[in-house]
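Accompanying notes for the structure given below.
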Amino acid sequence: MPAQKRDFFTIVEQGHEGWRLALGTNPVKLTPGLNIQIPIYHTTHLLDMRESSINIPNLPGYTADNVPVVCSGSLFYRVTDSYKACFSVSDVGENVKNIGQSAMRSVLGTFTYDQVIGDRNGLNTHLNKIIGDSIQDWGVECTRFEIQSFQPANREVERQLELQMEAERNRRKQLLDTQAQINVAEGQKQKTILESEGHLEAKSNEADAAFKTVVREAEARKQQALMESTAIAEQVEHIAQSLADKRSGGVPTAEDKKLALQTLVELKRLEQLRAIAQSKSNSTYFFGDRAAMGRDASEAFGVDYAEQVKKGLGPSASNMTVSGAIGSA
């Protein structure tokens with residue numbers, strides 16, 4: 001700061017500090033307020049302790065990818081040690097500005113054009129650190145550095161950059177389109193896989209259901225056969241018991257059980273013949289060996305026997321045509 005006018009009084013304003021020299025030596029710090037100085041004997045230097053800014057307009061430079069650019073910015077700083085700022089550097093404001101311009105050129109050369117465009121805050125932070133490290137020995141700190149404008153140095157460079165950015169946008173668009181197609185194909189693949197798995201699961205469930213149905217039907221037939229055989233056995237036992245009671249023995253013999261079984265078979269055959277006789281859809285009947293039914297073998301195929309059977313079944317059997325073991329209506 002330039003020396004103050006040589007008066008008997010010096011006023012130090014709020015936010016400022018001053019240093020008074022006696023014949024150029026013995027510095028004394030002056031605080032805000034009214035301070036006495038002796039003309040010719042004292043010399044006073046005042047410093048602004050508030051945060052100040054220095055404008056750096058239209059500074060040319062090159063990026064890391066050799067793109068000529070023009071940028072401008074604002075450097076904000078504050079004096080923290082008035083003694084060093086007064087006696088360690090001749091003109092603190094001018095030297096801080098020179099440091100800011102030099103650092104701005106050097107740091108700009110470490111960033112590519114796209115990096116500056118995409119991450120201007122990173123450039124500001126780096127500049128703040130470089131400048132702060134350079135001026136801290138002067139009792140000054142760099143509070144922040146802000147890039148205000150950044151553009152190519154001429155129209156030709158700007159046109160080339162526009163073409164480059166357009167090509168980059170097209171490349172990214174193609175990548176996005178390709179990725180979208182891949183996503184669609186992957187979706188179709190997953191859809192096909194899920195559908196096939198669903199069909200497989202459905203077929204498996206149908207097969208399981210069919211298998212369980214067959215098993216249950218077989219079990220039902222088995223149970224029905226067991227019940228029918230049990231019922232037949234009980235019927236044979238009851239008939240044999242009746243025959244044994246008639247003989248006054250009380251205990252059925254093997255002969256009684258055999259006779260009871262033959263009787264039960266005969267009854268079943270009579271039921272079948274009755275069903276045949278009552279049916280309206282049959283006009284031809286075949287009879288087996290009469291000897292197997294307990295008759296004489298010589299009359300096994302006699303018509304008289306068939307007529308007797310018809311008479312025994314009722315009036316509906318009179319219209320039937322009777323033949324031998326092999327014959328037709």
Side-chain angles (χ1 to χ4, degrees), residues 1-5 10-19 29-32 43-162 165:
M1 294 293 294
Q4 294 292 316
K5 186 178 179 180
T10 299
I11 298 175
V12 179
E13 296 181 359
Q14 187 69 35
H16 293 69
E17 287 185 1
W19 288 90
K29 185 177 181 179
L30 302 180
T31 58
T43 303
T44 303
H45 297 273
L46 297 179
L47 291 173
D48 191 348
M49 305 298 293
R50 298 171 298 177
E51 184 175 7
S52 303
S53 65
I54 297 176
N55 187 30
I56 303 176
N58 299 328
L59 182 67
Y62 288 87
T63 61
D65 48 353
N66 294 323
V67 178
V69 294
V70 176
C71 61
S72 62
S74 295
L75 171 61
F76 295 85
Y77 70 97
R78 181 175 59 244
V79 177
T80 57
D81 190 336
S82 61
Y83 181 85
K84 290 183 178 181
C86 186
F87 301 109
S88 296
V89 62
S90 60
D91 190 342
V92 62
E94 186 65 22
N95 284 280
V96 168
K97 180 179 180 180
N98 293 334
I99 287 292
Q101 292 178 347
S102 177
M104 189 172 179
R105 282 196 182 95
S106 62
V107 171
L108 189 62
T110 62
F111 286 79
T112 63
Y113 185 85
D114 292 338
Q115 287 176 337
V116 177
I117 294 298
D119 188 15
R120 188 170 296 185
N121 288 331
L123 177 61
N124 293 337
T125 302
H126 198 53
L127 279 171
N128 188 19
K129 183 178 183 304
I130 295 297
I131 296 173
D133 293 340
S134 300
I135 65 177
Q136 65 180 354
D137 293 337
W138 300 342
V140 182
E141 68 172 356
C142 180
T143 55
R144 63 185 183 277
F145 191 98
E146 297 292 339
I147 295 293
Q148 293 180 344
S149 64
F150 182 84
Q151 59 187 5
N154 52 67
R155 177 56 188 167
E156 181 63 23
V157 174
E158 186 176 357
R159 191 179 70 84
Q160 294 296 329
L161 291 174
E162 288 177 355
M165 287 186 292

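This is a predicted model, so every value here is computed, not measured. Note that the numbering runs from 1 along the sequence shown for the chain.
Aromatic ring pairs are classed by plane angle as parallel below 30°, tilted from 30° to 60° and perpendicular above 60°; the pair F150 and Y113 is tilted.
Between the S102 side chain and the N98 main chain, no donor and acceptor come within less than 3.5 Å of each other. Counting only distance, with no hydrogens or angles, the side chain of T143 and the backbone of F76 share a donor-acceptor pair below 3.5 Å. Of the possible donor and acceptor atoms, one in the side chain of N95 sits under 3.5 Å from a partner among the backbone N and O of D91. At least one donor-acceptor pair under 3.5 Å links the side chain of S134 to the backbone N or O of I130. In this structure a side-chain-to-backbone donor-acceptor pair under 3.5 Å is present from Q115 to T112.
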What verdict does the side-chain hydrogen bond (donor to acceptor under 3.5 Å, both in side chains) test give for W19 and S82, after you've listed the backbone C-alpha separation in whole Å, the side-chain angles of each residue and the deciding distance to 0.1 Å?
CA-CA 8 Å; W19 288 90; S82 61; 3.0 Å; yes
Intermediate values then yes/no, salt bridge (charged side-chain N to carboxylate O under 4.0 Å, His left out), R120 and E146:
CA-CA 9 Å; R120 188 170 296 185; E146 297 292 339; over 6 Å; no
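Side-chain contact, T31 with E17: no donor N or O sits under 3.5 Å from an acceptor N or O.
Just one residue in the list V140, L75, I131 forms a side-chain contact (heavy atoms from CB on, under 4.5 Å) with I99, and that residue is I131.
Taking NE2 of H126 as the start and CE of M104 as the end, the distance is 13.5 Å to the nearest 0.5 Å. Note: S88 OG to D137 CG = 8.0 Å, rounded to the nearest 0.5 Å. Atoms SG and CH2, on C86 and W138 in that order, are 14.5 Å from each other to the nearest 0.5 Å. Atom-to-atom distance recorded for T10:OG1 and L46:CG is 7.0 Å, nearest 0.5 angstrom.
In summary, E13 and R50 do not engage in a salt bridge, as defined by a charged side-chain N under 4.0 Å from a carboxylate O.
Looking at heavy atoms from C-beta onward, C142 lies out of side-chain contact with Q136 at the 4.5 angstrom threshold.
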